[in-house]
Amino acid sequence: MRDDGLRLYGTAEHEPESRSLVVGNLSMDFQDGNLRSLRFGGHEVLRAISFLVRDKDWGTCRARLSDLRIEENERGFSLAYAAHFTAPTGANLDCQIAISGTATSVSFSADYVSDADFETARAGFVVLHPVIGVAGEPVAITHGDGSVEEARWPDTIAPWQPFKNIAQITHRVAPGIMATTRFVGDVFEMEDQRNWTDASYKTYVRPLALPWPYLVPQGERFRQQIAVEILAENNAARAADRSDAISVRLIPTNVRLPAIGVGLRPECLQEELASLDVLKAIGAEHLIAHFDPAAGHGIEALKGYAAIAAQSELKVTLELAVPCLRPLEEEMAQFAAMVDEAGLQLDTLFVCPSVDRQSTPPGSNWPQCPALGDIYAAARVAFPGLRLGGGMMSYFTELNRKRVPPDQIDYISHSTNPIVHAADDLSVMQTFEALRHVVNSTRAIYGNKAYRIGPSTIAMRQNPYGSTTKDNPAGARIPMANVDPRHNGQFGAAWTLAYAATVAPAALEVLTLSTLVGPFGLLAGGREVTVSGELRPLAHVLTRLAALSRELLSAVETSRPDAVLGLGSQRRLLLANITCDEQTVVLPAKPRKVSAIVDGGELAAQQHVTLAPYACVDIAL
């Protein structure tokens with residue numbers, strides 16, 4: 001029998017164990033040196049408090065912990081440990097951590113020093129406030145000079161930092177419960193992490209307007225502290241019981257489900273040409289063909305795409321990174337001539353300036369680039385009659401910061417990635433809390449403009465925030481990795497279905513959640529839980545989604561959207577368990593048939609359905 005972890009996650013590696021800390025009504029988890037899921041009376045106060053160290057490319061320097069000491073009694077708890085961080089340059093940052101808590105307070109302090117000049121994009125505390133129950137609500141920000149700003153948490157996703165120079169944040173957790181979080185030892189500011197589909201508002205050390213990467217000087221000692229205080233009224237209610245069976249409600253809509261796209265990459269052309277039967281089996285309608293001259297892509301890539309298009313008979317979108325190094329008319333005319341020479345028949349053209357594949361953080365100077373309107377106009381001249389897409393090849397973050405002129409394009413597009421900042425299982429699945437805000441914010445900006453998303457995958461296709469993505473030969477759970485083992489397991493299937501369920505109400509035109517082959521693909525490679533060359537679990541999900549393309553959506557509302565998500569039509573209901581625990585779901589009525597999507601096995605057709613960890617089911621209504 002296969003290892004259950006391998007089947008679920010594509011890797012036998014286990015996540016770090018967590019320890020629950022409970023004092024009165026206050027509870028939290030201690031995991032891998034960080035505090036997570038800080039709750040009072042069952043209500044989430046903070047999503048996390050972490051002391052993090054990033055390398056110069058914003059990759060995470062993993063902490064090595066030692067000398068952990070924990071004391072607990074009825075009045076509170078205390079923890080102390082040493083954390084050792086190593087930069088790619090070999091410099092070491094040593095940190096002494098102390099954490100303490102009572103029934104209404106938590107303190108987390110860090111004293112650190114480096115044995116050499118330590119190059120980092122950030123070294124210090126990060127505090128995550130949740131989004132659910134917080135977005136759009138009042139908040140009080142105390143600044144470094146003592147002044148207090150009465151404001152609201154951003155509802156529509158803020159492109160820039162909503163609050164700066166933060167010394168203290170006070171917010172309502174739930175009726176009758178207030179929380180104050182103090183930041184000591186450096187200058188803190190906040191970003192709306194929903195930009196990256198992190199389900200949080202992140203308050204972090206060191207303003208982005210300051211130069212980065214920067215050096216932590218050798219031998220210089222630093223200290224930071226986060227302190228949380230809870231003020232609760234005696235009659236404050238506890239949160240609802242999370243162990244009850246999950247109810248499901250179907251809501252008919254006038255929205256049609258999107259067509260399914262599949263990405264193509266020049267480095268995989270030979271494997272793609274050998275795997276065209278998969279496209280028909282999946283029921284995909286669109287091919288998103290990536291083309292980046294700066295990466296060395298040329299006429300051979302276009303000829304390969306032409307062969308795939310001719311044999312598959314699918315619609316092709318050329319995803320073109322425009323160098324903008326010569327007059328636009330010349331560049332675009334050259335690309336049009338290459339497309340003609342290759343014999344590639346395009347359905348649509350998506351263009352994005354090459355420089356916009358890299359992020360322009362707040363406070364930075366925008367790179368030199370022609371106006372987007374000029375780029376679109378040149379594309380129209382060179383490719384007459386084609387539908388033209390604009391937006392970002394990278395993430396909603398960049399689209400939110402650099403708004404494109406919608407009247408000059410036929411559709412808007414971007415992708416997302418769930419492992420920009422954190423890669424643990426819970427954080428990845430929590431991104432759906434933010435993803436619904438991403439599509440709602442895009443609609444708020446661009447109205448009813450035709451809208452596409454993808455390719456969006458768990459692994460990172462490109463790193464807009466550094467020089468490269470992170471190699472992952474060990475198949476670990478690491479941020480910004482160009483390979484993620486969970487793409488190969490049941491986890492990847494549940495993530496794919498939950499993603500489609502979350503964005504479906506936005507009335508997308510095309511949704512792309514994989515490439516054809518390779519680490520982001522439909523087909524398994526070597527040394528995976530699935531036999532090499534066979535369909536990965538997520539491919540079975542995409543097959544079900546493709547079968548529903550253009551049918552009217554029945555939106556699915558569950559009583560635990562943090563546990564089960566789904567979508568459906570008038571005849572089908574697809575559900576995904578996005579947790580590592582079994583979940584019992586109560587359907588609106590007894591179904592005709594219930595099938596496991598990945599292995600095709602049938603479940604009992606009852607009104608109560610038990611979903612195994614990360615299970616995906618197809619329910620005939």
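FYI, the numbering just counts along the sequence from 1. Just so it is clear, the structure is predicted and the values come from calculations on it, not from any experiment.
- A salt bridge is absent between R256 and E551; no separation between the charged side-chain nitrogens and carboxylate oxygens falls under 4.0 Å.
- The residues R477 and D425 are annotated as salt-bridged, a charged nitrogen and a carboxylate oxygen being separated by less than 4.0 angstrom.
- Residues T502 and T431 form no side-chain contact, since every pair of their non-hydrogen atoms from C-beta on lies 4.5 Å or further apart.
- For D618 and K593, the salt-bridge test fails: no basic side-chain N is under 4.0 Å from an acidic carboxylate O.
- Note that the CG atom of L548 and the CZ atom of R544 stand 9.5 Å from one another [nearest 0.5 Å].
- Using a 4.0 Å cut-off between charged nitrogen and carboxylate oxygen, K280 and E313 do not count as a salt-bridge pair.
- Put simply, the side chain of V262 does not reach to within 4.5 Å of the side chain of I288, judged on heavy atoms.
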Trace of the side chain to side chain contact (heavy atoms under 4.5 Å, CB included) decision for V131 with H437: CA-CA 10 Å; V131 172; H437 288 273; 3.5 Å; yes
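- Among all heavy-atom pairs drawn from G475 and P485, the shortest one is O-CG, 3.1 Å.
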Criterion side chain to side chain donor-acceptor pair (under 3.5 Å) on S37 and R47, from CA distance to verdict: CA-CA 5 Å; S37 301; R47 183 139 285 184; over 6 Å; no
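- Nearest heavy atoms, F85 versus C95: CE1-CB, 4.3 Å.
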Side chain to side chain contact (heavy atoms under 4.5 Å, CB included) between Y451 and S413, worked out: CA-CA 6 Å; Y451 182 14; S413 184; over 6 Å; no
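- Here the side chains of L264 and V517 are not in contact, with every heavy-atom distance at 4.5 Å or above.
- Looking at residues two or more places apart in sequence or on another chain, you find no salt bridge (Lys or Arg N to Asp or Glu O under 4.0 Å) involving D581.
- Side-chain contact of S200 with Q193: a donor-acceptor pair under 3.5 Å is present, judged by distance alone.
- Side-chain contact between L508 and R452 is absent, with no heavy-atom pair separated by less than 4.5 Å.
- Between L314 and A284, the shortest heavy-atom distance links the atoms CD2-O, 3.3 Å.
- Counting heavy atoms from C-beta outward, L250 and L573 have side chains that approach closer than 4.5 Å.
- Atom SG in C352 sits 5.5 Å away from atom CE in M393 (nearest 0.5 Å).
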Step-by-step side chain to side chain donor-acceptor pair (under 3.5 Å) determination, S415 to S456: CA-CA 5 Å; S415 67; S456 294; 4.7 Å; no
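- Note that R36 lies outside the cation-pi zone of F30, set by a 6.0 Å cut-off to the ring centre and a 45° limit from the axis.
- Atoms SG and CZ, on C61 and R122 in that order, are 13.0 Å from each other to the nearest 0.5 Å.
- Taking CD1 from I419 and CD1 from I478, the interatomic distance works out to 7.5 Å, rounded to the nearest 0.5 Å.
- Results of the side chain to side chain contact (heavy atoms under 4.5 Å, CB included) test with I597 over L545, L538, L574 single out L574 as the only residue that passes.
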Check against ring pair (Phe, Tyr, Trp, His ring centres under 6.0 Å), F125 and F108: CA-CA 9 Å; F125 274 113; F108 194 152; 5.0 Å; yes
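- Under a cutoff of 6.0 Å and an axis angle of 45°, R7 and F491 do not form a cation-pi pair.
- To the nearest 0.5 angstrom, T469 atom OG1 is 3.5 Å from N482 atom CG.
- The pair K315-E509 does not meet the salt-bridge criterion, since no charged nitrogen lies less than 4.0 angstrom from a carboxylate oxygen.
- Using a 4.0 Å cut-off between charged nitrogen and carboxylate oxygen, R536 and E528 count as a salt-bridge pair.
- Ring planes of W196 and H421: perpendicular class, angle over 60° (limits at 30 and 60°).
- A donor-acceptor contact under 3.5 angstrom links the side chains of S427 and D424, judged on distance only.
- T86 and N92 form a side-chain donor-acceptor contact under 3.5 Å, judged by distance and modelled atom types alone.
- In this structure, I578 CD1 and L497 CG are separated by 10.0 Å, a value rounded to the nearest 0.5 Å.
- Side-chain atoms of L6 and N488, non-hydrogen and from C-beta on, never get closer than 4.5 Å to each other.
- Residues Y9 and Y614 bring their aromatic ring centres within 6.0 Å.
- Note: H129 and Y201 fail the aromatic proximity criterion, with ring centroids not under 6.0 Å apart.
- Counting heavy atoms from C-beta outward, V316 and T348 have side chains that stay 4.5 Å or more apart.
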Test log, rule side chain to side chain contact (heavy atoms under 4.5 Å, CB included), inputs V53 and F51: CA-CA 7 Å; V53 177; F51 185 88; 4.1 Å; yes
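- K470 has a carboxylate O that lies under 4.0 Å from a charged side-chain N of D55, or vice versa, which qualifies the two as a salt bridge.
- H290 and H297 have perpendicular rings, their planes meeting at more than 60° on a 0 to 90° scale where under 30° would count as parallel.
- Nearest approach of E44 to R39, heavy atoms of both residues: N-NH1, 3.6 Å.
- Side-chain contact check for N417 versus T197: every heavy-atom pair is 4.5 Å or farther apart.
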Stepwise side chain to side chain contact (heavy atoms under 4.5 Å, CB included) check, L523 with E534: CA-CA 6 Å; L523 289 171; E534 292 188 356; 5.9 Å; no
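- A side-chain N or O of Q462 and one of R357 form a donor-acceptor pair less than 3.5 Å apart.
- Screening L513, T442, L567, L435 for a side chain to side chain contact (heavy atoms under 4.5 Å, CB included) involving V503 leaves a single residue, L435.
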